[in-house]
Amino acid sequence: MIEIKPYMELDENAQKISGITKKDAHTFFMIAKDKDEILGIGTMKIYENYSEFCDVWVCDEMFKMLNHGIGKAMLNFIERREIYHVVSENENISDLLYLLRFKKEKVEIDGFENKNEIFYVNLKGYFDAKCSD
């Protein structure tokens, strides 16, 4: 069974296979595992007024849809901390960001400096949305 859980640090094995290392005190990880096998890792940064959705790495093309599950888990982790503004500047994961309902727009958030359009989603009510028939 695949589990997706948050981590503050990556162990040496996770760093080695993903190439991801912790960059600062704001960085958190969401790791998808099947038993002890790492299938994917999401990276996010959490600040006082906003969060940055940095990257999602999946070990194999066969698990490509797992990036959506990791992404949703990351957004849930952020929203549970009552942070509703989420930005991303990572064009490499634009397909995933659009799937997660990010939109490209200019935003003004306290503490976040960017004059260009970026990927943005507001999590206020995000998880309350009803499924349509």
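Worth saying up front: this structure is predicted, and the values here are computed from it rather than measured. Note: hydrogens, waters and symmetry copies are ignored here, and every other heavy atom, side chains too, is used.
- Ion pairing of K104 with E91 is present here, as a side-chain N (NZ or NE/NH1/NH2) and a carboxylate O approach within less than 4.0 Å.
- Within 6.0 Å of CZ in R80 there are 12 or fewer heavy atoms belonging to other residues, nucleotides or ligands.
- Atom CD1 of residue I38 and atom NZ of residue K33 lie 5.5 Å apart, to the nearest 0.5 angstrom.
- Between atom CD of residue E79 and atom OH of residue Y126 there is a gap of 10.5 Å, rounded to the nearest 0.5 Å.
- Side-chain contact between V56 and L96 is present, with at least one heavy-atom pair separated by less than 4.5 Å.
- Remark: K5 engages E3 in a salt bridge (charged side-chain N to carboxylate O under 4.0 Å, His left out) (not counting sequence neighbours).
- One N or O on the side chain of N90 and one on the backbone of C54 form a donor-acceptor pair closer than 3.5 Å.
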(request) Decide yes or no on side-chain contact (heavy atoms from CB on, under 4.5 Å) for I4 and L66, but give the supporting numbers first. (result) CA-CA 10 Å; I4 303 174; L66 183 57; 4.2 Å; yes

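- Between V86 and L123, the shortest heavy-atom contact is CG2-CD1, 3.6 Å.
- E52 places no side-chain N or O within 3.5 Å of a backbone atom of K45 that could act as its donor or acceptor partner.
- Considering only heavy atoms from C-beta on, W57 stays 4.5 Å or farther from I93 through its side chain.
- If you run side chain to side chain donor-acceptor pair (under 3.5 Å) between Y120 and each of E105, H85, K103, only H85 comes through.
- The CG atom of L99 sits 11.0 Å away from the OG atom of S94 when rounded to the nearest 0.5 Å.
- With ring centers used as reference points, F119 lies 6.0 Å or more from F53.
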(message) side-chain contact (heavy atoms from CB on, under 4.5 Å) for I78 and M44? Distances and angles first, verdict last.
(response) CA-CA 9 Å; I78 294 165; M44 62 193 135; 3.9 Å; yes

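- The backbone N or O of E37 sits nowhere less than 3.5 Å from a side-chain atom of D34 that would complete a donor-acceptor pair.
- With a 6.0 Å cutoff to the six-membered ring centre and a 45° limit on the axis angle, R101 does not count as a cation-pi contact of Y98.
- I70 is listed as a side-chain neighbour of M74, based on a closest heavy-atom distance under 4.5 Å.
- For Y84, there are no ring-ring contact (aromatic ring centres under 6.0 Å, His included) partners, not counting sequence neighbours.
- Side-chain contact of N116 with E89: a donor-acceptor pair under 3.5 Å is absent, judged by distance alone.
- The backbone N or O of I46 sits less than 3.5 Å from a side-chain atom of H26, completing a donor-acceptor pair.
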